[in-house]
Undergrad: 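First the structure, then my questions, so here it is.
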Protein chains: 2
Amino acid sequence: MTRTGRPRSAETDLAILEATRAALVELGWGKLTMGDVAARAGVAKTTLYRRWANKNELVLDAVAALFDELQLPDRGSLLADVEGVVMEFAELLERPETKTALMAVIAESTHDEALRVRIREAIVDRQKRLVVLGRQRAQARGELPPDVPPDGGPDSPLAEQAAARNADLIFDVIAGAVVHRILVSGERVDFAWARMFSALLVGGLPAAMAVAAR
Amino acid sequence: MTRTGRPRSAETDLAILEATRAALVELGWGKLTMGDVAARAGVAKTTLYRRWANKNELVLDAVAALFDELQLPDRGSLLADVEGVVMEFAELLERPETKTALMAVIAESTHDEALRVRIREAIVDRQKRLVVLGRQRAQARGELPPDVPPDGGPDSPLAEQAAARNADLIFDVIAGAVVHRILVSGERVDFAWARMFSALLVGGLPAAMAVAAR
DNA sequence: GCTCTTTCGCTACGGGTCGTAGCGTAACTG
DNA sequence: CAGTTACGCTACGACCCGTAGCGAAAGAGC
């Protein structure tokens with residue numbers, strides 16, 4: 001099943017994705033056109049359509065590449081890990097190309113099932129892994145209780161289910177808060193905010209208010 | 001400065017906004033066209049352009065009207081109030097017209113300052129008021145500490161500043177988590193999730209895990 | 001009543017984008 | 001070298017945008 005004929009240029013792929021990000025920065029999602037991207041990449045418009053079916057998928061791939069950078073170094077404590085991942089995620093979201101593209105693609109995905117699946121694989125699942133990892137570390141450190149259901153051992157299916165629900169919740173809270181702060185409220189995520197948020201996540205509202213009052 | 005001449009029809013306004021919502025449900029943001037909306041509303045396309053400068057502002061107004069419904073009845077405790085507002089907000093976001101439109105408009109607002117201002121006034125500030133109200137109630141009940149800075153009385157400017165920062169944080173966490181859960185993760189917000197989230201917000205991660213394990 | 005003013009429906013238009021088709025050429029495989 | 005695929009280029013119909021110009025409709029003010 002080895003492909004014959006002229007192979008696709010990998011450089012062209014990269015040039016197109018790079019051009020797409022540049023166009024996002026300058027024009028935003030709404031005014032970005034396929035012809036413009038092609039011109040920036042020094043490529044024929046037809047070449048774009050041979051690789052991506054439409055604007056949505058092209059932009060998704062262009063932005064998804066940036067999410068590869070996300071990491072979760074062990075910072076020693078749950079609080080520090082949360083602060084770290086918040087700052088990292090915020091840096092990614094504060095770039096103009098991600099800002100405008102991410103929301104637009106998600107909006108389109110409400111009417112495009114294939115796009116929804118691609119978003120999940122390329123972005124959501126990748127982030128969620130970090131949450132699961134950080135949560136495991138905290139449990140190993142004894143900062144969070146293990147997943148124990150009322151009946152049955154720690155490895156019962158009920159425990160796994162509760163753990164999954166809980167990881168999903170944490171993920172939505174962290175990613176959601178950062179996204180909302182940056183994109184909807186339009187405010188920066190600085191270290192002071194990250195500290196306050198992390199205190200809220202770990203210790204609840206009273207803890208957050210104590211940090212806010214300094 | 002009383003206007004003379006034929007006045008604009010208020011019914012036409014409502015018909016257009018209603019038609020816009022219907023088009024959003026069927027077509028989504030990307031495929032919605034001004035001509036289509038005009039046809040649905042039984043109105044000439046030029047009439048749309050006499051009232052809204054572009055698609056963004058029209059859709060924003062069509063969706064913003066739905067946010068008027070948001071209320072915060074006193075449910076007796078902080079936990080119950082949070083659960084209530086989460087469920088209410090989720091109901092709003094799970095409608096197909098809000099789902100597709102809200103994210104798209106926010107995406108556009110990253111390159112349109114006027115739109116950003118309108119979003120803030122029509123949607124964000126309206127929601128934030130609920131947060132401030134719920135927070136005050138909880139403080140009156142003694143469920144949350146008052147806003148006291150390390151030095152100075154409870155009415156000092158420092159205390160107000162801390163309170164504002166804190167309210168902004170709470171707002172981003174609540175709204176962000178619900179939006180992310182529904183739009184990005186693509187999962188429903190049922191009462192079980194609302195309970196778990198509220199426990200997290202009020203009591204922190206350990207409390208949430210206790211609820212998850214039931 | 002009557003006149004003035006603004007709205008509204010309709011048609012038409014230039015400008016732009018979309019996504020595709022067709023062709024000749026370039027690049028790589030066996 | 002022959003076969004196969006990628007690529008650039010041009011052209012195209014279809015669609016949408018936002019505007020202009022017209023005549024008719026609907027109130028406001030006298």
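In what follows, chains carry the letters A, B, and so on, assigned in the order in which the sequence lines appear, proteins first and then strands, with residues in each chain numbered from 1. In this text the structure is predicted, and so the values were computed from the model without any measurement.
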Undergrad: Nearest heavy atom decides the nucleotide; on that basis, is A:P7 or B:V43 closer to the 5' end of DNA chain C?
TA: B:V43
Undergrad: In this structure, how many angstroms lie between the P atom of C:dC18 and the CG atom of A:L58, rounded?
TA: 11 Å
Undergrad: Identify whether the distance between the nearest side-chain nitrogen and carboxylate oxygen of B:E26 and B:R21 falls below 4.0 Å.
TA: no
Undergrad: After noting the C-alpha distance and the side-chain angles of A:D190 and A:R195, does the key distance pass the salt bridge (charged side-chain N to carboxylate O under 4.0 Å, His left out) rule?
TA: CA-CA 9 Å; A:D190 53 14; A:R195 271 195 64 210; over 6 Å; no
Undergrad: Tell me, please, whether B:W29 has B:K99 positioned over its six-membered ring: NZ or CZ under 6.0 Å from the ring centre and within 45 degrees of its axis?
TA: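 Verdict for B:W29: no cation-pi partner in B:K99.
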Undergrad: Among C:dG19, D:dT4, D:dG18, find the nucleotide with the atom closest to the side chain of B:K45.
TA: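 Ranking C:dG19, D:dT4, D:dG18 by closest atom to the B:K45 side chain puts D:dG18 first.
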Undergrad: List in numerical order all residues of residues 46-57 of chain A for which some heavy atom is under 4.0 Å away from an atom belonging to DNA chain C.
TA: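 Nucleic-acid contacts, sorted: A:T46, A:Y49.
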Undergrad: Would you call B:D81 and B:R137 a salt bridge, taking side-chain N to carboxylate O under 4.0 Å as the test?
TA: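 A salt bridge is present here (some side-chain N lies under 4.0 Å from a carboxylate O).
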Undergrad: Please determine whether salt bridge (charged side-chain N to carboxylate O under 4.0 Å, His left out) holds for the pair A:D36 and A:K45, giving the CA-CA distance in whole Å, both sets of side-chain angles, and the decisive distance to 0.1 Å.
TA: CA-CA 9 Å; A:D36 185 273; A:K45 199 173 58 164; over 6 Å; no
Undergrad: Would B:R51 and B:D61 pass as an ion pair if we require N to O under 4.0 Å?
TA: no
Undergrad: Between C1' on C:dG19 and NZ on B:K31, what's the gap in Å once rounded to a whole number?
TA: 13 Å
Undergrad: Would you kindly compare A:A44 and B:L32 by the position of their nearest DNA chain D nucleotide and give the one closer to the 5′ end?
TA: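 That would be A:A44.
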Undergrad: For residues 99-112 of chain B, which residues have at least one heavy atom under 4.0 Å from DNA chain D?
TA: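 Per residue number, the list is empty: none.
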Undergrad: By nearest atom, which of the nucleotides D:dC7, D:dC17, D:dG3 is closest to the B:T33 side chain?
TA: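 Nearest to the side-chain atoms of B:T33, counting from C-beta on, is D:dC17.
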Undergrad: Under 3.5 Å, is there a donor-acceptor pair linking the side chains of A:R118 and A:N56?
TA: no
Undergrad: Atom CD of A:E11 to atom P of D:dG8: distance rounded to whole Å?
TA: 12 Å
Undergrad: Would you mind telling me which of C:dC8, C:dC28, C:dG19 lies closest to the side-chain atoms of B:S9?
TA: C:dC8
Undergrad: Does the pair A:D168/A:K128 count as a salt bridge with the N-to-O cut at 4.0 Å?
TA: yes
Undergrad: Among A:V189, A:T98, A:L92, which one satisfies side-chain contact (heavy atoms from CB on, under 4.5 Å) with A:I182?
TA: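 Looking at A:V189, A:T98, A:L92, the match for A:I182 under the side-chain contact (heavy atoms from CB on, under 4.5 Å) is A:V189.
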Undergrad: To the side chain of A:R6, which of D:dC17, D:dT5, C:dC18 is closest?
TA: D:dT5
